[in-house]
There are 2 protein chains.
Amino acid sequence: MTPDLTTTTKGPRMEAQDKIETQNETQTEAGTLHQTLVANIRNLLIEGGLAAGQRIPEAELCQRFGVSRTPLREALKVLASEGFIQLRPNRGAILAPLDPDQIAPIFELKGALERLIGLTAAERATEAELSRLSTLHLSLNDTLASGNLATYTQLNYDFHRGLAEATRNAELMQSYDILQQKIWRFRFLVNDSFSRIEESFAEHEQIMIALRARTPLDLAARLEAHNQKTCDAMQRAVAQLDQPG
Amino acid sequence: MTPDLTTTTKGPRMEAQDKIETQNETQTEAGTLHQTLVANIRNLLIEGGLAAGQRIPEAELCQRFGVSRTPLREALKVLASEGFIQLRPNRGAILAPLDPDQIAPIFELKGALERLIGLTAAERATEAELSRLSTLHLSLNDTLASGNLATYTQLNYDFHRGLAEATRNAELMQSYDILQQKIWRFRFLVNDSFSRIEESFAEHEQIMIALRARTPLDLAARLEAHNQKTCDAMQRAVAQLDQPG
DNA sequence: CAGGGCGATTTTGCATTCAGAATTCCGGTT
DNA sequence: AACCGGAATTCTGAATGCAAAATCGCCCTG
């Protein structure tokens with residue numbers, strides 16, 4: 001019952017393609033128009049297409065995606081329930097402000113999920129999943145050498161998502177996805193200044209070892225620590241944004 | 001006409017009032033109509049106003065809540081994104097089936113949240129929150145004597161929600177709420193057959209002790225165990241539903 | 001020139017309408 | 001009598017229309 005586990009290239013939750021940019025685009029995508037719209041707008045917001053706190057121009061999005069206001073507003077309501085935008089009565093929607101104070105709670109919650117992922121994935125991961133994660137890990141190594149930050153970030157996301165999938169817990173996956181999407185917005189905010197590739201990869205090495213050894217407590221601890229370090233790094237990066245001197 | 005839609009008892013997430021029953025009801029509630037609609041329909045679904053898997057009668061709900069299809073469909077889309085209903089393209093929405101196999105994943109995830117709640121609430125709860133939780137705990141004790149299952153369930157929910165609030169983690173709260181709502185549906189499913197009031201209260205005693213002592217690890221462990229026992233009891237109750245012999 | 005009030009314009013929220021898909025109904029066939 | 005096919009009906013998805021709220025622009029006053 002897990003919807004769409006075939007994420008491959010782009011950011012979190014890429015159920016849909018990147019664009020229905022023009023007015024008369026044929027919509028042959030697998031999902032419904034509604035789901036596509038939600039995904040497209042979410043990606044637009046996550047990837048910084050609009051400034052945080054900025055008013056979301058309903059009419060403009062209608063034209064951009066070639067739909068009328070009814071389905072667009074449905075999508076906005078869903079995105080509001082996910083916390084990406086804020087609906088103000090009679091005053092339209094704004095992109096939810098990115099408050100640096102949100103980073104800690106988000107990662108705190110994610111830490112709890114990472115622990116559960118570690119505890120259960122160590123026991124439940126199939127051999128196929130193990131080898132797929134190994135492949136991803138090797139790709140990470142390659143990217144580390146090439147120094148391509150964007151690719152590394154994406155592969156890193158795929159790796160962690162693959163680990164979460166190994167838990168076979170759809171509830172967990174859903175929460176994990178939403179958290180990752182929220183973090184993704186911060187990633188785009190801090191952009192280049194956020195790079196701890198070498199350190200991150202070293203932690204991944206240990207994570208892979210614990211996973212292959214199928215030692216739940218160890219894997220959980222490594223994932224929690226990895227999460228904590230990512231949180232710290234992101235908070236430092238955001239702090240640097242505020243006062244770049 | 002067929003389903004009895006009169007709901008009385010209160011469930012999780014009661015931000016909104018119970019009814020906008022008539023056509024020309026004045027809407028003076030704090031939230032927007034949209035939020036009210038979502039909450040009302042969610043309560044309706046959670047509390048078993050419709051059978052699981054049953055088709056959701058759009059027109060009937062429109063009449064019931066006195067709104068047109070546009071805001072109603074917006075609410076349905078949100079509820080679908082929360083997982084309470086399933087949207088089938090061109091074939092309407094159905095109340096998401098209650099699969100007993102969902103119980104384990106839901107409680108597994110909730111266990112991870114409970115642990116985090118225990119770890120952090122033990123340190124962050126204010127004295128005011130402590131005393132409020134104590135009051136709730138005493139009310140639980142009173143209800144235990146009276147044997148009122150519905151009241152106990154509601155107070156029990158309030159208690160755990162209060163504990164979650166003490167974490168000061170809005171992300172955690174949101175995930176916790178959604179999980180509780182999902183569990184609430186199962187509660188209404190098993191109804192009376194699910195009663196472990198005495199045992200549950202005994203666990204709450206220990207939880208209160210650990211909370212007052214502000215011992216994070218102990219509180220976390222107690223909450224996790226409490227969660228696990230609740231899960232077990234619910235699975236047994238559901239199993240009994242299948243074969244009531 | 002700054003600040004405030006008032007009308008015009010834009011935007012929102014919801015109702016209504018319309019095209020197309022799905023379901024139902026009903027008669028014909030085997 | 002059961003089954004199949006097609007028309008009529010119902011329902012869904014989305015566009016459009018409309019009233020109310022909010023925003024903007026302008027003018028006036030101090």
Side-chain angles (χ1 to χ4, degrees), chain A residues 15-16 20-41 50-51 53-81 84-96, chain B residues 1-3 16 19-41 45 50-51 53-81 84-96:
Chain A
E15 303 101 323
I20 309 175
E21 301 292 351
T22 61
Q23 190 101 3
N24 39 10
E25 185 85 16
T26 54
Q27 177 56 30
T28 51
E29 173 60 27
T32 64
L33 171 59
H34 170 70
Q35 292 168 332
T36 308
L37 252 187
V38 171
N40 282 335
I41 300 177
L50 268 63
Q54 183 178 328
R55 183 171 187 160
I56 295 172
E58 211 174 76
E60 187 176 313
L61 288 184
C62 283
Q63 206 169 19
R64 180 162 167 66
F65 292 108
V67 297
S68 72
R69 287 178 55 220
T70 304
L72 186 96
R73 285 169 55 74
E74 288 172 354
L76 291 182
K77 293 277 160 77
V78 171
L79 290 170
S81 86
F84 286 108
I85 68 180
Q86 293 177 353
L87 297 176
R88 304 164 305 168
N90 291 319
R91 298 185 57 202
I94 59 172
L95 182 54
Chain B
M1 333 286 174
T2 340
K19 41 87 195 62
I20 311 175
E21 301 292 352
T22 61
Q23 190 101 5
N24 39 11
E25 185 84 17
T26 55
Q27 176 57 29
T28 52
E29 173 58 28
T32 64
L33 170 60
H34 169 71
Q35 292 169 331
T36 307
L37 251 187
V38 172
N40 282 335
I41 300 176
L45 301 185
L50 267 64
Q54 183 178 331
R55 186 171 188 158
I56 293 172
E58 212 173 74
E60 190 175 315
L61 289 183
C62 284
Q63 206 169 17
R64 174 166 167 69
F65 293 109
V67 297
S68 72
R69 285 179 55 220
T70 305
L72 187 97
R73 288 169 102 294
E74 288 173 355
L76 291 182
K77 293 277 161 77
V78 170
L79 290 169
S81 86
F84 287 107
I85 66 180
Q86 293 177 353
L87 297 177
R88 305 165 304 167
N90 290 321
R91 298 186 57 200
I94 60 172
L95 182 53

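Labels below follow one simple rule: chain letters A, B, ... track the order of the sequence lines, proteins then strands, and each chain is numbered from 1.
Residues A:I56 and A:I94 share a closest heavy-atom pair of CD1-C, 3.8 Å. Taking each heavy atom of A:F84 and A:L95 in turn, the nearest pair found is O-CD1, 3.5 Å.
Closest-nucleotide positions on DNA chain C for A:A59 and B:R88 were compared, and the one nearer the 5' end corresponds to A:A59. Residue whose closest nucleotide on DNA chain D sits further toward the 5' end, between B:G92 and A:R69: B:G92.
Atom pair B:L61:CG and D:dT12:C1' shows a separation of 15 Å (rounding to whole Å applied). Atom C1' of nucleotide D:dA21 and atom CG of B:L33 are separated by 15 Å, given to the nearest angstrom. Between the CD1 atom of A:I94 and the C1' atom of C:dT12 there is a distance of 15 Å, given to the nearest Å. Nucleotide D:dT16 holds its P atom 15 Å from the CD atom of A:E58, rounded to whole Å. At whole-Å resolution of the value, CD in A:Q35 and P in D:dA14 are 11 Å apart. The CG atom of B:L72 sits 14 Å away from the C1' atom of D:dC11 (whole-angstrom rounding). Summarising the geometry, the separation between CG on A:N90 and C1' on D:dT23 is reported as 12 Å, rounded to the nearest angstrom.
Inter-residue side-chain proximity for A:L72 and A:I41 is flagged as met; some heavy-atom pair is nearer than 4.5 Å. Counting only heavy atoms from C-beta outward, the side chains of A:E74 and A:T70 approach each other to under 4.5 Å.
Contact annotation: B:R73 reaches the phosphate of D:dG13 (side-chain N/O to OP1 or OP2, under 4.0 Å). At the phosphate of D:dC11, neither OP1 nor OP2 sits under 4.0 Å from any side-chain N or O atom of B:R91.
Taking only distance into account, the side chain of A:S68 never meets the base of D:dA14 through a donor-acceptor pair shorter than 3.5 Å.
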